[in-house]
Amino acid sequence: MNMNEQEGMKVLKFGGTSVGNAARIKHVGGLISERKGNLVVLSAMSGVTNTLTEISDYLYKNNIPGAQDTLNALEMKYQGVVAELYDDAKWADEALSVIGNSVGYIRALIQGDFAVAEEKEILAQGELVSTALLLNHLKERGLNAVMLPALEFMRTDHNGEPDMKYISTRLLRMLDMTEEADVYITQGYICRNAYGEVDNLKRGGSDYTASLIGAVLESEEIQIWTDIDGMHNNDPRYVEGTRPVGELNFEEAAELAYFGAKILHPNCVLPAKLNNIPVRLLNTLEPSAPGTVIYNLPPDGDIKAVAAKDGITAINIKSGRRLVAYGFMHKVFETFENHKTGIDILATSEVGITVAIDNDTRLADIVDDLKMFGTVSVDQDMVIISVVGDLHWHHAGLAVRALHALEDIPVRLVSYGGSNYNISVVIPKDFKVQALRKLSEHLFNSNPQ
Ligand code: ADP
Ligand code: ASP
Ligand code: MG
């Protein structure tokens, strides 16, 4: 295909629940055939990446029968999908052969030595199979559908960041050498690393694949099709009566994704923002619902939504001397850097600093090192609750409104002013649902149960 044909192309990403069974795959097939000329990024069928993780866990524990049982159950699930999905034996046989190869490949790995590289190979199988199932279904529908194998163009560099130059060169060349088709399909989530080994973009990473591809193709729009009608104003898993937010700007969407709104992978916003490509969140089961559009929305003084991030640890370091003495902050930050642990949010006072982190794998070493600079205390099992919107400090009263909703909740840390888009608090996890509900009542006038 030539450059002109690529121009009007959209990237359509369908998540796991959108292709969770044969009926859903058929439904997605219908949506795709109504929107020809686009590039589809697909996740594994829902539950499959979890199953593959489970198989890997058994193998790390050297429980071969556990891995075999789990794999056999997955194979049967796939066979059931094939039986329901295709009318023509030709396509069913093709799909069964892909499944047979994938399952055979995992069986071979079960027998050998097992380490991270093998785990990554196993995790990649979910997207390799789901894309093959959809491709054959689209062909059975009579569409000219073409597979663009992600392992041939998605790549990360030595820092684990997407290698944009490589991705762009390889993908554009691949499209250039491909005949024009009704639809192009590729795997979300999976990639190769700088050494050429199979790797992935972390859980939920198919959204990231879609925005990286959107950026490379300078796509007109990136559509994230999922099981809900857009970004809701609170987490629908914990609060009833949430409503979709029609519009968000890139910063607001990035803050919500980073602070726990699972509908979007946290890394997915940046490539779209840098290239000014709108991201539209749409519902596969309700395709005509407007959903949410994320773009360069000008400031509007509105609080948009609330999110919660689990698994937070708050660490307080009280300085023996005055905190403001220069050098203290540097030493504290350097300690986290040395242990490759990012800081989510923080608060300071004259005598101390409290930071909140979401990765506690190095906690013991971090605490050990921090003890050189002051008295350290740790609170685990915390959550970050973030209120996101156009919270520029000039809008008097917005921050107070958010905090007022939390009057009955013990708050460990407050962070405001780091950006114009967010006020965050750290609270014990047992108060999470209460806090989310109170925020919906106060900020969005809804009556959550
Ligand atoms: P997919 O499999 O399509 O990638 P995900 O499960 O990753 O879908 O994301 C969609 C889910 O995100 C929704 O079903 C919902 O439970 C959850 N979610 C969490 N917070 C929000 C929010 N603020 N708005 C919408 N969905 C949310
Ligand atoms: N299949 C992967 C996961 O479950 C990637 C994705 O769905 O975005 O995390
Ligand atoms: Mg997801």
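Keep in mind that what you see is a predicted model, and the values were worked out from it rather than measured. The analysis underlying the following values was restricted to heavy atoms, covering all of them including side chains, and did not include hydrogens, waters or symmetry mates. Atoms within each ligand, like the ligands themselves, are counted from 1 in listed order.
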Pair Tyr195 + His158: ring centers closer than 6.0 Å: yes
Check each protein residue for a heavy atom under 4.0 Å from ligand 2 and list those that pass, ordered by chain and number. Ser43, Ala44, Thr49, Glu127, Tyr189, Arg203, Gly204, Gly205, Ser206
Whether the Arg141 and Asn136 side chains hold a donor-acceptor pair (N or O, under 3.5 Å, no angle test) is what I'd like checked. no
Could you check whether any side-chain heavy atom of Asp310 comes within less than 4.5 Å of a side-chain heavy atom of Lys429, counting everything from C-beta outward? no
Taking only residues at least two apart or on different chains, which pairs with a member in residues 28-56 satisfy salt bridge (charged side-chain N to carboxylate O under 4.0 Å, His left out)? none
Would you check if there is a donor-acceptor pair between the side chains of Asn200 and Arg192 at a distance under 3.5 Å? no
So, Ser440 and Asn234: side-chain donor and acceptor under 3.5 Å apart, yes or no? yes
Lys/Arg N to Asp/Glu carboxylate O, Lys304 vs Glu247, below 4.0 Å: no
Aromatic ring proximity, centroids under 6.0 angstrom, Tyr295 and Phe250: no
Pocket residues around ligand 1 (non-hydrogen, under 4.0 Å) come out as Lys13, Gly15, Gly16, Thr17, Thr226, Asp227, Ile228, Gly230, Met231, His232, Asn234, Asp235, Pro236, Arg237, Ala261, Lys262, Ile263
Pairwise salt bridge (charged side-chain N to carboxylate O under 4.0 Å, His left out) hits with a residue in residues 222-238, at least two apart: Asp235-Arg237
